Amino acid sequence: MEKILLMSDSACDIPRDLEEELGIRIINLPITYEGKTLEDRVDFTSEEFYQMLNTCQELPTTAGVTPIRFLEEFWKASQEGYTHILYVSINGKGSNTLSNCHLAIEGLFQSRPELADKLTIEAIDGKAYSLGYGYPLINAAKMLKEGATFQQLKDYLVKAIDENQIFTTFFTLKFAKRSGRLGSTAAFVGDLLGLRPIVSFPDGENVVLEKVRGDKGVIHRIAEIYRDKGEGRDFVMLYGEDKKPADELCALIEEMTGKKPAYILRTGACIAINSGPNMVGIAFPIPGTK
């Protein structure tokens with residue numbers, strides 16, 4: 001009989017209450033802040049991290065989950081009697097976490113060959129950040145509680161991650177500039193003109209789809225994107241330090257489509273480092289995309 005464990009990393013932005021309720025095991029990513037290595041969601045809360053971002057002299061940095069940490073988690077799960085582990089990773093094109101996971105899987109079975117007939121481990125590229133892969137994982141965890149098999153979960157996640165699209169914006173470009181995601185000249189001109197980028201991650205690529213003038217304008221445009229592409233499907237909302245933009249976006253979408261969000265969740269440190277503390281976004285499936 002299959003005993004299945006769903007795993008991910010803290011960049012998926014699934015909050016602790018949902019993690020515990022749904023039985024997802026999340027590995028917290030390391031964050032370097034002012035020369036110290038901290039553990040996401042352990043050494044600080046999201047609220048505390050936004051304060052750190054607003055006052056820091058040097059932008060914090062993230063690192064991938066190490067192969068050793070993966071080995072520890074896989075071994076622990078095997079000792080707990082799990083027969084199948086399905087790990088969903090932060091975007092493989094933007095982090096070494098997925099490749100480290102593959103190294104750990106190979107190393108585990110080399111060092112513990114007796115596990116080969118007892119344990120199956122699969123790693124899936126989330127191809128995005130935050131709820132771009134966190135939302136499909138939430139749905140998979142619900143499927144698991146309803147009795148889905150390992151193969152059913154794997155098939156669902158591969159398809160759902162390909163179809164799930166995230167559209168996000170941030171209200172200042174200085175953090176994208178500081179993190180290297182945007183050139184200093186582009187950031188300066190964008191802020192000067194009040195331009196707000198709408199960013200998506202098709203197949204793991206970081207793409208600026210549009211630039212819209214003004215905070216109100218970009219929120220309205222994202223609502224239009226859901227209206228035109230969402231076709232009434234379930235969606236989740238993500239926000240940063242201030243929940244007000246998410247509330248405004250939800251109200252616009254409900255006005256346009258009658259649809260309310262499945263979840264409204266706050267982004268964590270791994271996303272905020274690049275977007276800054278002031279952002280808003282939406283994630284929903286668009287069948288036929290990849």
Side-chain angles (χ1 to χ4, degrees), residues 1-29 40-41 65 69-92 97-98 100-102 104-105 108-109 115-166 204 233-238 261-268 270 283-287 289-290:
M1 183 176 178
E2 296 180 340
K3 184 178 180 181
I4 303 167
L5 177 63
L6 293 176
M7 295 182 67
S8 191
D9 47 72
S10 58
C12 71
D13 285 338
I14 297 174
R16 284 199 177 277
D17 58 344
L18 269 179
E19 174 190 357
E20 294 171 2
E21 175 189 337
L22 297 174
I24 303 167
R25 188 165 298 178
I26 295 178
I27 305 173
N28 297 316
L29 291 164
D40 187 20
R41 306 193 314 158
V65 179
R69 180 66 189 278
F70 275 120
L71 278 169
E72 292 171 347
E73 292 294 337
F74 293 155
W75 175 249
K76 176 183 175 183
S78 73
Q79 296 307 292
E80 293 170 344
Y82 287 100
T83 61
H84 294 74
I85 300 172
L86 195 53
Y87 173 76
V88 184
S89 169
I90 183 176
N91 185 8
T97 295
L98 181 62
N100 285 348
C101 181
H102 287 302
I105 294 171
L108 177 67
F109 291 123
L115 291 178
D117 296 327
K118 302 176 182 178
L119 182 64
T120 298
I121 307 174
E122 294 274 359
I124 297 174
D125 188 350
K127 297 184 179 180
Y129 305 93
S130 188
L131 298 177
Y133 68 103
Y135 185 33
L137 187 58
I138 288 172
N139 290 332
K142 292 178 179 179
M143 291 172 58
L144 177 57
K145 283 185 174 294
E146 294 172 357
T149 66
F150 181 77
Q151 189 62 49
Q152 287 171 335
L153 292 170
K154 179 183 174 183
D155 291 345
Y156 165 76
L157 281 166
V158 169
K159 184 174 186 291
I161 286 169
D162 280 344
E163 293 182 344
N164 199 47
Q165 297 295 306
I166 186 169
R233 299 181 186 91
D234 287 346
F235 69 92
V236 286
M237 194 70 63
L238 56 151
Y263 297 98
I264 304 177
L265 301 175
R266 172 172 270 161
T267 59
C270 298
F284 60 91
I286 305 177
T289 61
K290 184 174 180 179

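All of these numbers come straight from a predicted model, not from anything done at the bench.
Within the model, atoms CG of Leu137 and CG of Asp13 stand 12.0 Å from one another, a figure rounded to the nearest 0.5 Å. Taking CG of Leu71 as the reference point, atom CD1 of Ile105 lies at 9.5 Å (rounded to 0.5 Å). Atom CD1 of residue Ile85 and atom CD1 of residue Ile121 lie 4.5 Å apart, to the nearest 0.5 angstrom. Distance check, rounded to the nearest 0.5 Å: CE of Met7 to CD of Glu73 gives 5.0 Å. Atoms CD1 and CD, on Ile4 and Gln151 in that order, are 10.5 Å from each other to the nearest 0.5 Å.
Counting only heavy atoms from C-beta outward, the side chains of Glu21 and Leu18 approach each other to under 4.5 Å. For the pair Phe70 and Leu108, the minimum side-chain heavy-atom distance is 4.5 Å or more. Two residues are said to be in side-chain contact when any heavy atoms from C-beta on lie closer than 4.5 Å; Asp9 and Ser89 meet this criterion. Counting heavy atoms from C-beta on, the side chains of Leu265 and Leu238 never come closer than 4.5 Å. No side-chain heavy atom of Thr267 sits under 4.5 Å from any side-chain heavy atom of Tyr129.
The shortest non-hydrogen separation linking Asn28 to Arg69 is O-NH1, 4.0 Å. Between Pro136 and Leu131, the shortest heavy-atom contact is CD-O, 3.9 Å. A pairwise comparison of heavy atoms in Asp40 and Ser10 identifies OD2-OG, 2.7 Å as the closest pair. Between Asp234 and Phe284, the shortest heavy-atom contact is O-CB, 3.6 Å. When every heavy atom of Tyr87 is checked against every heavy atom of Cys101, the shortest pair comes out as CD2-SG, 3.7 Å. The two atoms that bring Cys12 and Tyr133 nearest to each other are N-OH, 2.9 Å, heavy atoms only.
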Given the rule in the side chain to side chain contact (heavy atoms under 4.5 Å, CB included) test, do Leu144 and Leu153 qualify, once you have shown the distances and angles that lead to the verdict?
CA-CA 7 Å; Leu144 177 57; Leu153 292 170; 3.8 Å; yes
Evaluate Val158 against Ile124 for side chain to side chain contact (heavy atoms under 4.5 Å, CB included), listing each step before the verdict.
CA-CA 7 Å; Val158 169; Ile124 297 174; 4.2 Å; yes
Determine whether Leu115 and Phe74 satisfy the following criterion, side chain to side chain contact (heavy atoms under 4.5 Å, CB included), listing intermediate values before the conclusion.
CA-CA 11 Å; Leu115 291 178; Phe74 293 155; over 6 Å; no
For side chain to side chain contact (heavy atoms under 4.5 Å, CB included), just list the numbers for Ile138 and Val236, CA-CA rounded to whole Å, side-chain angles, deciding distance to a tenth of an Å, and then say yes or no.
CA-CA 11 Å; Ile138 288 172; Val236 286; 5.9 Å; no
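Counting only distance, with no hydrogens or angles, the side chain of Asn100 and the backbone of Val65 share a donor-acceptor pair below 3.5 Å. For the pair Asn91 (side chain) and Gly204 (backbone), a donor-acceptor distance under 3.5 Å is present. Looking only at distances, no side-chain donor or acceptor of Thr120 sits under 3.5 Å from a matching main-chain atom of His84. Thr83 places a side-chain N or O within donor-acceptor distance of the main-chain N or O of Lys3, the cut-off being under 3.5 Å. Using modelled atom types, one side-chain atom of Arg16 and one backbone atom of Arg41 make a donor-acceptor pair closer than 3.5 Å. Within the 3.5 Å criterion, the main-chain N or O of Phe150 finds a donor-acceptor partner in the side chain of Glu2.
By the side-chain contact (heavy atoms from CB on, under 4.5 Å) test, Lys145 pairs with Leu22, sequence neighbours left out.
Each of Glu19, Glu80, Glu72 was checked for a salt bridge (Lys or Arg N to Asp or Glu O under 4.0 Å) with Arg25, and the lone residue meeting it is Glu80.
In this structure, Tyr135 and Tyr263 have perpendicular ring planes: the angle between them is above 60°, well past the 30° mark.
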